[in-house]
Amino acid sequence: MRNMLAWFGPALSGLVLVVVLVPAAKAYGGSGHELFCQMAYELSQPATQQKLDEMADAHPDYENFASICNWADHIKSDDRWDYASPHHYVNFARTADKVTELDCPSQGCILSAIMHHYNVLEHNRDSWTSLAFLAHFIGDLHQPLHVSYADDLGGNRAQLEFYGEPANLHWVWDSGMLSKRDIEPLTGKVAALLDGISPLAHEVQLDRETVLAWANESAAVTRGVYTDFSKYQQLDDSYTDQYGPVLERRLQKGAQRLAAVLDYLYQGKD
């Protein structure tokens, strides 16, 4: 039976989480997470930004909120955090119409992890680890291949060539396409993706149904990605021209939502 505690964050909010100091080395997909979280920061309200700055100052290895968003990947090599490994994704059956709560196993998944850390922050807005996990996981949720199929590990077994180099489908969506779409300098890419979008009109108070809806948006993209995929296919400009804008729209939408969630948690609160 699925462990329902995975979906009821308040029951776990009394746990004391200790921040492990790790070097801020560049992680897999790191630029994408920094881009995503810097966009969310720019879209958030001044009081929220002030709190995020304070949280960044609390950790000597991270210079700002955007860099904090890579922490959840940096700790993957530390077995003290192994329990969080399944929390970066959710898998669903290729024959399923949609993602459901039943796709979240007893050890949890990205759906339950987002709700858990959100609930922790509702009770303890100074929880550094829950802020870092929440921001990272909302970013992951909007990257379609983190809501994908178990039989090829969310595209990690989907072998192909990307501009003549061996790669896999998950990496292409995590890092490869962004590397071909002028992500450096990061400030320029942030400005380009923020152009034409605005903060959401209201703060977002998360619930399970909302998180599931966001997951199913990514699942819909994933289905289309696999419809176009064939093993060992060669991807080049035609692929990035087709799917790069899709990925960037997911980044934009996710950043708007993360900003609104953070505004709810931090705006105007003591």
For this session: Evaluate side chain to side chain contact (heavy atoms under 4.5 Å, CB included) for L131 paired with L52, printing each intermediate quantity in order.
Result: CA-CA 9 Å; L131 173 63; L52 296 177; 4.0 Å; yes

Seminar exercise, completed: Residues L35 and L178: closest non-hydrogen pair is CD2-CD2, 4.3 Å

Problem set entry | Pairwise ring-ring contact (aromatic ring centres under 6.0 Å, His included) hits with a residue in residues 173-200, at least two apart | W173-Y243

Problem set entry | Short side-chain donor-acceptor distance under 3.5 Å, S67 and N64 | yes

Problem set entry | Trace of the side chain to side chain donor-acceptor pair (under 3.5 Å) decision for Q159 with Y232 | CA-CA 5 Å; Q159 300 302 308; Y232 303 124; over 6 Å; no

Problem set entry | Residue pairs involving residues 110-151 (criterion disulfide (SG to SG under 2.5 Å); sequence neighbours excluded) | none

May I have the list of side-chain donor-acceptor pairs in residues 190-202 shorter than 3.5 Å, sequence neighbours left out?
none

For this session: Would you mind telling me which of H116, H88, H33, H142 makes a ring pair (Phe, Tyr, Trp, His ring centres under 6.0 Å) with F137?
Result: H88

Exercise. So, Y118 and D207: side-chain donor and acceptor under 3.5 Å apart, yes or no?
Worked result: no

Exercise. So F133 and Y83, would you call those rings parallel, tilted or perpendicular, with 30° and 60° as cut-offs?
Worked result: perpendicular

Exercise. Should T48 and D263 be marked as a side chain to side chain donor-acceptor pair (under 3.5 Å) after you check the CA-CA gap, both sets of side-chain angles, and the distance that decides it?
Worked result: CA-CA 6 Å; T48 303; D263 282 342; 2.5 Å; yes

Exercise. Between D241 and K180, is the closest basic N to carboxylate O distance under 4.0 Å?
Worked result: no

Exercise. Do W128 and H59 have ring centres separated by under 6.0 Å?
Worked result: yes

For this session: Start with the C-alpha distance between L235 and F162, add both sets of side-chain angles, then the distance that settles side chain to side chain contact (heavy atoms under 4.5 Å, CB included), and finish with yes or no.
Result: CA-CA 5 Å; L235 306 185; F162 189 69; 3.9 Å; yes

For this session: With R94 as the cation and Y226 as the aromatic partner, state whether NZ or CZ is under 6.0 Å from the six-membered ring centre and within 45° of the axis.
Result: yes

